[in-house]
Amino acid sequence: MFKHLQKWFVTHFLGHSRRRARLVSKDGRCNIEFGNVEAQSRLIFFVDIWTTVLDLKWRYKMTIFITAFLGSWFFFGLLWYAVAYIHKDLPEFHPSANHTPCVEHINGLTSAFLFSLETQVTIGYGFRCVTEQCGTAIFLLIFQSILGVIINSFMCGAILAKISRPKKRAKTITFSKNAVISKRGGKLCLLIRVANLRKSLLIGSHIYGKLLKTTITPEGETIILDQININFVVDAGNENLFFISPLTIYHVIDHTSPFFHMAAETLPQQDFELVVFLDGTVESTSATCQVRTSYVPEEVLWGYRFAPMVSKTKEGKYRVDFHNFSKTVEVETPHCAMCLYNEKDAQARMKRGYDNPTFILSEVSETDDTKM
């Protein structure tokens, strides 16, 4: 009982106090900030205004959307009011009965704003209209119509592009909460489960990983977030995955793996972050998307495997039970990768019949008792 309480205390209190910083969160967001960026470099965001608008959050995007339309309507309303004021079309100038205004029925700033709105969104109520009396009004009408089309195209296109971004499709791809290490096919492997929550496929899917850790070079240089390639495969390879049902991807821990010198006891004391990427093309839109997640040492379970989650019903359909998606089962697993390979080498030597190097053959004198 005391051991269980001690384990619970270490997990819930000491574990939270030494929580590791992540570069990539579990939902794929990057935890990084840029400091001391020159003012000249910040102008690049305004040069690439399309990408900047697409990357904005919805509250900022809708603020820009509303401000762009209201601002343009009010700005051109002021211009129409100025045209009417210069041409003395307003009632305070007491125009004569035969006076032809530039714009019919503009009596003040409010009516000028309404005419600006009607012109830009092409409502056309038929009450206020431009006459052929002055060329300034005709030029202003053409200019506002062209600028209104540009504003409509940009803002509506930005909203549509934001909605249809494949980033939302990536939300329907999920990874298991933990990674596990156990034997698979006679080899020690690190396994991760990934599932597609939609029935539509990701075409040309490719999965890979990066191990991020701090390393010190022989020259004494400290490299933070040094990246090491981690190859993940499934039974049919790591490209062109048939991603209709949950897949268990695995990384073979061999002599070239950075996990080769780790053991069950030393794994929690390691300082690394395993980032897993899944690239693919959305079947319905042909847009490429990327899904990513990360695992720290506390989320890698040594000596476990994933519980099965795919079964076949009596009607002949395949059923996926997501209740067991992140559920793990403890299995017998070698203490370390070196232990497994040393055991295999010992068994191979026994089968090949190696001689015992400590065996000493003592000479025995033979006597011939047979006399002729």
Side-chain angles (χ1 to χ4, degrees), residues 37 39-169 171 282 284-289:
V37 179
Q40 184 178 2
S41 301
R42 295 181 183 273
L43 296 177
I44 300 176
F45 293 98
F46 294 97
V47 174
D48 187 14
I49 188 64
W50 177 254
T51 306
T52 302
V53 172
L54 288 183
D55 290 338
L56 289 176
K57 295 182 179 180
W58 274 108
R59 54 180 178 268
Y60 302 126
K61 185 182 294 293
M62 295 307 299
T63 301
I64 295 176
F65 182 86
I66 296 173
T67 304
F69 283 102
L70 290 180
S72 62
W73 296 338
F74 183 74
F75 173 73
F76 281 100
L78 293 177
L79 294 182
W80 286 115
Y81 180 80
V83 170
Y85 184 86
I86 295 173
H87 198 254
K88 300 183 183 305
D89 297 335
L90 300 176
E92 56 263 27
F93 291 105
H94 304 287
S96 60
N98 59 352
H99 176 78
T100 304
C102 289
V103 181
E104 295 282 356
H105 301 99
I106 286 187
N107 302 319
L109 186 60
T110 303
S111 57
F113 174 80
L114 291 176
F115 180 72
S116 173
L117 188 153
E118 296 168 9
T119 301
Q120 188 164 328
V121 300
T122 64
I123 293 179
Y125 289 126
F127 181 69
R128 301 179 183 89
C129 60
V130 177
T131 64
E132 68 277 5
Q133 181 65 26
C134 54
T136 305
I138 298 175
F139 173 79
L140 184 59
L141 177 66
I142 296 174
F143 181 71
Q144 184 177 4
S145 300
I146 295 175
L147 187 61
V149 171
I150 295 175
I151 295 176
N152 289 339
S153 301
F154 184 87
M155 298 309 302
C156 295
I159 296 294
L160 180 61
K162 179 90 172 168
I163 295 175
S164 60
R165 291 184 76 179
K167 184 177 180 181
K168 301 302 180 183
R169 176 63 174 93
K171 299 295 183 181
V282 181
S284 56
T285 62
S286 299
T288 57
C289 68

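Every heavy atom of this structure was used, including side-chain atoms; hydrogens, water molecules and symmetry mates were not.
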Student: Within the structure provided, determine whether Trp58 and Ile159 are in side-chain contact (heavy-atom separation under 4.5 Å).
Tutor: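 They are in side-chain contact.
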
Student: Just so I know, are the side chains of Leu140 and Val83 near enough to count as touching, which here means a heavy-atom distance under 4.5 Å?
Tutor: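 The answer is yes; the side chains approach within 4.5 Å.
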
Student: Does the side-chain contact (heavy atoms from CB on, under 4.5 Å) test come out yes or no for Val130 and Phe115, once each step is laid out?
Tutor: CA-CA 10 Å; Val130 177; Phe115 180 72; 3.5 Å; yes

Student: Do Asp89 side-chain atoms and Cys102 backbone N/O form a donor-acceptor pair below 3.5 Å?
Tutor: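 Yes, Asp89 side chain to Cys102 backbone: donor-acceptor pair under 3.5 Å.
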
Student: If you measure only the distance, is there a donor-acceptor pair under 3.5 Å linking the side chains of Ser145 and Gln120?
Tutor: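 Note: Ser145 and Gln120 side chains miss the donor-acceptor criterion.
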
Student: Rounded to the nearest 0.5 Å, how far apart are NZ of Lys57 and NZ of Lys162?
Tutor: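 It comes to 9.5 Å.
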
Student: For the OG1 atom of Thr119 and the CH2 atom of Trp80, what is their distance to the nearest 0.5 Å?
Tutor: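 Spacing of OG1 (Thr119) from CH2 (Trp80) equals 6.0 Å.
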
Student: Where do Pro95 and Leu90 come nearest, in terms of heavy atoms and distance?
Tutor: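 Result for this residue pair: CD-O, 3.6 Å.
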
Student: Counting heavy atoms not belonging to Glu92, are there more than 12 under 6.0 Å from its CD?
Tutor: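 Above 12, so yes.
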
Student: So, for Phe154 and Trp50, is the gap between ring centers shorter than 6.0 Å?
Tutor: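 Yes, ring centres under 6.0 Å apart.
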
Student: Which distance, rounded to the nearest 0.5 Å, do you find between the OG of Ser116 and the CG of Leu141?
Tutor: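 The OG atom of Ser116 sits 10.5 Å away from the CG atom of Leu141.
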
Student: Ignoring hydrogens, what is the shortest heavy-atom contact between Gly77 and Ala112? Give both atom names and the distance.
Tutor: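 It is O-CB, 3.4 Å.
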
Student: Could you give the distance from CG (Leu114) to CD1 (Ile123), rounded to the nearest 0.5 Å?
Tutor: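 So the gap between those two atoms works out to 9.0 Å.
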
Student: So, Thr131 and Glu104: side-chain donor and acceptor under 3.5 Å apart, yes or no?
Tutor: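 There is no such pair (donor and acceptor under 3.5 Å, judged by atom type) between the side chains of Thr131 and Glu104.
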
Student: Might you confirm whether atom CZ of Phe93 has over 12 heavy atoms from other residues, nucleotides or ligands at distances under 6.0 Å?
Tutor: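 Counting neighbours around CZ of Phe93, more than 12 heavy atoms of other residues, nucleotides or ligands fall under 6.0 Å, so yes.
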
Student: Let's go through Phe76 and Phe113 carefully: what are the C-alpha distance in whole Å and the side-chain angles of both, what is the deciding distance for ring-ring contact (aromatic ring centres under 6.0 Å, His included) to 0.1 Å, and is it a yes or a no?
Tutor: CA-CA 7 Å; Phe76 281 100; Phe113 174 80; over 10 Å; no

Student: Any chance you could lay out the ring-ring contact (aromatic ring centres under 6.0 Å, His included) test for His87 and His99, step after step, and finish with the verdict?
Tutor: CA-CA 10 Å; His87 198 254; His99 176 78; 5.4 Å; yes

Student: Under 30°, 30 to 60°, or over 60°: which ring-plane class applies to Trp73 and Phe69, parallel, tilted or perpendicular?
Tutor: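 Trp73 vs Phe69 ring planes: tilted.
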
Student: So, for Lys61 and Leu56, which heavy atoms are closest and what is the spacing to 0.1 Å?
Tutor: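 Minimum heavy-atom separation between Lys61 and Leu56: CE-O, 4.2 Å.
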
Student: What heavy-atom pair brings Asn107 and Ser111 nearest, and what distance separates the two atoms?
Tutor: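 Heavy-atom minimum between the residues: N-OG, 2.8 Å.
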
Student: Would you compute the distance between atom CZ of Phe74 and atom CG of Leu79 and round it to the nearest 0.5 angstrom?
Tutor: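 Interatomic distance, Phe74 CZ to Leu79 CG, rounded to 0.5 Å: 10.5 Å.
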
Student: From Arg128 CZ over to Ile106 CD1, what is the distance, rounded to the nearest 0.5 angstrom?
Tutor: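 Those atoms lie 7.5 Å apart.
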
